[in-house]
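First the structure, in the form of structure tokens, and then the observations on it.
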2 protein chains.
Amino acid sequence: MDIFANLMRSPENLIPMTTNSQANSPWRSPCPVNISLELVGDKWALLVLRDILFKGFKSFKEFSQSKERIATNILASRLKFLTEVGLLESEVSEKDARVIFYKPTSKGLDLIPVIVSLVLWVDKYEKHSVPKAEIEWMKKNTKKFIAEIRAKFE
Amino acid sequence: MDIFANLMRSPENLIPMTTNSQANSPWRSPCPVNISLELVGDKWALLVLRDILFKGFKSFKEFSQSKERIATNILASRLKFLTEVGLLESEVSEKDARVIFYKPTSKGLDLIPVIVSLVLWVDKYEKHSVPKAEIEWMKKNTKKFIAEIRAKFE
DNA sequence: TCAGTTGATTGCATTTTGCAAGTGTTTTTC
DNA sequence: GAAAAACACTTGCAAAATGCAATCAACTGA
């Protein structure tokens, strides 16, 4: 089955459904690539996910202290959006009622493979801050790596 | 080797290198997730890649006719940027000197796994336009799928 | 010669972002 | 128990990015 040939035969598969369904849909187009970009295709969303998934961050304060220096208004809007689209859940801390803990939903956890593939791509072409040994392990044991991170939240 | 534990022990691995190298670097931070977002983390870059990789589009005109309706100034700036950062190469058509063909570099082709993982993620949670059979094939034969697309450009 | 195509640019309105300051609530400190 | 600090936002405003229509020069084909 040559998917590419299929897509070439009917490339509209990667683009519209029908003009009707497009009217009901919130998306620019029903192409899955496009939908993914409308959900996490900006400079900040996956960074928040990274902080939660890989660094174990939970609170607004922790996110706001990441080295990319996200502005607090942007952070607030991203946390709201990510929660609204079902990638994050929030709960008030039991110890301190000021603090809100954010954690990934199953939908959010399922983005780990995306982030991993981005990291492996960057590793191949750009200098970055993750030690070689960890990249190598990530590359050779991708499934286990993903499973281990998931396990922290389930 | 528990990568996550390592990262928790020294989470700065996912963020800065040194303050020195950060000054020389064009990136907000040397975290690979961040770098990937600075390269393709916007609403349009991966859409152009999709058009090239999955739909076989080559020219400005073809990209501009995609259903997401990218504005021509944005398209021009994205094509310029993607070429500058080495994801695309351009060459003037032999038949028509006005037409510029864009094709993926090796660095661009290596983004296929990222796009595939995004598609598989979206498939799990959102309605989209790619037939089930093709998603299933993509899921079960991911490596082959990626290799087949690569082969079209090598 | 000349209308039409192509990739790209310009001008301008709209939207999003960045930044500093401020808000309301809760917790800590004295 | 009042003042100060911490936390998660919110607001106001300047700056940047985006969307859109018009336009451009280079080129093509008739």
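In what follows, every chain begins at residue 1, and chains take the letters A, B, ... in the order their sequences are listed. Note that the structure is a prediction, hence the values are computed from the model and not measured.
Nearest to the side-chain atoms of A:V99 among the listed nucleotides C:dG18, D:dC9, D:dC7 stands D:dC7. The side chain of A:F60 has D:dC9 as its nearest neighbour among D:dC9, D:dG12, D:dC27. The side chain of B:T72 lies closest to D:dA22, out of D:dC7, D:dC9, D:dA22. Listed candidates were C:dC19, D:dT18, D:dC20. Nearest to the side chain of B:R78 is D:dT18. For B:I100, the side-chain atoms get nearest to C:dA8 when compared with the rest of D:dC27, C:dT27, C:dA8. Residue B:I74 has its side chain nearest to D:dT18 when only C:dA8, C:dG18, D:dT18 are considered.
Residues that satisfy the side-chain hydrogen bond (donor to acceptor under 3.5 Å, both in side chains) test with B:E89, not counting sequence neighbours, are absent from this structure.
Between the P atom of C:dT6 and the NZ atom of B:K61 lies a distance of 4 Å, rounded to the nearest Å. The interatomic distance linking B:R69 (CZ) with D:dA21 (C1') rounds to 13 Å, in whole Å. Across the protein-nucleic acid pair, B:K43 atom NZ and C:dT16 atom P stand 10 Å apart, rounded to whole Å. Computed from coordinates, the A:E38 CD to C:dT16 P distance equals 12 Å when rounded to whole Å. Residue A:L47 contributes atom CG, which lies 15 Å from atom C1' of C:dT17 at whole-angstrom precision. Protein atom NZ of B:K95 is 19 Å distant from nucleotide atom P of C:dT5, rounded to whole Å. If you take CG of A:D42 and P of C:dT15, they are 18 Å apart, rounded to a whole angstrom. The distance from atom CD1 of A:I70 to atom C1' of C:dC19 is 13 Å, rounded to the nearest whole Å.
Below 30°, between 30° and 60°, or above 60°: for A:F145 and A:W137 the angle between ring planes is above 60°, a perpendicular geometry.
B:F101 comes within 4.0 angstrom of no nucleic acid atom, judged by non-hydrogen atoms across all strands. Within 4.0 Å (heavy atoms only), A:S59 reaches sugar-phosphate atoms of the nucleic acid but no base atom. The residue B:F63 sits apart from the nucleic acid: no heavy atom pair falls under 4.0 Å.
Checked by distance alone, B:R98 brings a side-chain donor or acceptor within 3.5 Å of a matching partner on the base of D:dC27.
The main-chain N or O of A:K58 is found under 3.5 Å from a side-chain atom of A:E62 such that the two form a donor-acceptor pair. Under the 3.5 Å distance criterion, the side-chain polar atoms of A:E136 are left unmatched by any main-chain donor or acceptor of A:K132.
For the pair A:D96 and B:L79, nearest-nucleotide mapping onto DNA chain C gives the more 5' position to B:L79.
Of the side-chain N and O atoms in A:Y102, one or more sit less than 4.0 angstrom from OP1 or OP2 of D:dC9.
Surrounding CD of B:E84 are more than 12 heavy atoms belonging to other residues, nucleotides or ligands, all under 6.0 Å away.
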